[in-house]
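Below is one structure; the comments refer to it alone.
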Amino acid sequence: MTRKFKWNARMTVGTIIGVISPFLFVPLTMALIAWAQNFMFSILWTKFQHDVMVQSKFISLSIIPNLLWFYLFLNRERYDIARGIIIGSALFLPYIVYINLIR
């Protein structure tokens with residue numbers, strides 16, 4: 001049995017959600033870490049803006065909320081959107097690998 005991969009509009013929506021969601025969750029992730037470690041958010045934000053290693057780590061952490069989107073659409077049987085969210089999350093992989101392993 002072979003499955004054909006067909007791109008459709010719902011996968012595009014999932015990919016957009018998977019790409020935009022981490023950028024929205026970066027400040028929330030930073031605020032939670034600043035609060036948990038009793039650290040000033042403004043200092044953490046400055047480090048995020050100027051240090052590429054810190055950017056890579058926070059972007060990696062902010063991809064985790066995509067699992068919530070993935071689980072939500074998987075339970076609603078919107079498999080194309082869930083697949084798009086995985087693809088959108090995987091689009092961050094080359095940047096993270098480049099910063100952590102190559103640079």
Side-chain angles (χ1 to χ4, degrees):
M1 183 170 127
T2 60
R3 296 188 95 178
K4 293 182 180 179
F5 180 77
K6 293 184 181 178
W7 193 271
N8 57 28
R10 287 179 289 192
M11 286 182 67
T12 304
V13 169
T15 304
I16 291 170
I17 291 171
V19 169
I20 291 176
S21 179
F23 289 116
L24 297 176
F25 280 101
V26 164
L28 179 64
T29 304
M30 291 174 67
L32 286 173
I33 289 176
W35 174 77
Q37 296 193 355
N38 207 13
F39 201 72
M40 290 186 66
F41 178 79
S42 60
I43 295 172
L44 205 56
W45 185 257
T46 304
K47 279 188 169 190
F48 175 76
Q49 289 177 334
H50 298 294
D51 190 3
V52 189
M53 287 296 288
V54 174
Q55 281 181 1
S56 171
K57 292 180 188 326
F58 278 113
I59 289 174
S60 297
L61 284 173
S62 66
I63 291 174
I64 293 172
N66 276 352
L67 291 173
L68 299 173
W69 291 113
F70 176 74
Y71 184 72
L72 175 77
F73 288 116
L74 200 62
N75 278 341
R76 293 187 179 179
E77 297 181 3
R78 304 284 182 157
Y79 300 119
D80 292 337
I81 297 175
R83 186 182 301 161
I85 290 172
I86 295 298
I87 292 169
S89 299
L91 290 176
F92 288 100
L93 186 64
Y95 175 72
I96 293 168
V97 169
Y98 172 73
I99 296 300
N100 290 329
L101 297 179
I102 298 172
R103 189 162 186 244

Rounded to the nearest 0.5 Å, what separation is found between the CZ atom of F58 and the CE atom of M53? 12.5 Å
Hey, does T15 have a side-chain heavy atom less than 4.5 Å from the side chain of W7? yes
Is it true that L91 and I20 fall in one hydrophobic cluster, defined by side-chain heavy atoms closer than 4.5 Å? no
Should K57 and N100 count as side-chain neighbours, where that means a heavy-atom distance under 4.5 Å? yes
Using side-chain contact (heavy atoms from CB on, under 4.5 Å), reason through W69 and I81 one step at a time and then give a plain yes or no. CA-CA 9 Å; W69 291 113; I81 297 175; over 6 Å; no
Keeping T46 on the side-chain end and S42 on the backbone end, is there a donor-acceptor pair under 3.5 Å? yes
With a 6.0 Å cut-off (strictly less than), is the heavy-atom count around CD of Q37, excluding the residue itself, greater than 12? no
Nearest heavy-atom approach of I85 to F70 is CD1-N, 4.0 Å
CZ-CG distance between R83 and L74, expressed to the nearest 0.5 angstrom: 11.0 Å
How long is the gap from CZ on F48 to CH2 on W45, to the nearest 0.5 Å? 5.5 Å
Rounded distance (nearest 0.5 Å) linking atom CD of Q55 with atom OH of Y95: 4.0 Å
To the nearest 0.5 Å, tell me how far M30 CE sits from K47 NZ. 10.0 Å
From CD1 (I64) to OG (S89), nearest 0.5 Å: 10.5 Å
Should Y79 and L72 be counted in the same cluster of Ile, Leu, Val, Met, Phe, Trp and Tyr side chains packed under 4.5 Å apart? yes
For a ring-ring contact (aromatic ring centres under 6.0 Å, His included) check, start with the C-alpha distance between F23 and F92, then their side-chain angles and the critical distance, and finish with the verdict. CA-CA 11 Å; F23 289 116; F92 288 100; 5.5 Å; yes
Is any side-chain heavy atom of I33 closer than 4.5 Å to a side-chain heavy atom of F39? no
Test log, rule side-chain contact (heavy atoms from CB on, under 4.5 Å), inputs I63 and I96: CA-CA 11 Å; I63 291 174; I96 293 168; 4.0 Å; yes
Is there a path from L61 to L44 through hydrophobic residues (I, L, V, M, F, W, Y) whose side chains come within less than 4.5 Å of each other? yes
Apply side-chain contact (heavy atoms from CB on, under 4.5 Å) to I17 and V13, showing your working. CA-CA 6 Å; I17 291 171; V13 169; 4.0 Å; yes
I'd like to know if V97 and I87 are part of one continuous hydrophobic network [Ile/Leu/Val/Met/Phe/Trp/Tyr, side-chain heavy atoms within less than 4.5 Å]. no
Flag yes if F41 and V54 sit in one hydrophobic cluster, no otherwise; membership is Ile, Leu, Val, Met, Phe, Trp, Tyr, and two members link when side-chain heavy atoms are under 4.5 Å apart. yes
Beyond-backbone contact of L68 with F25, side-chain heavy atoms, under 4.5 angstrom: no
Under 3.5 Å donor-acceptor, N66 side chain and G18 backbone: yes
Closest non-hydrogen atom pair between S62 and P22, with its separation: OG-O, 3.3 Å
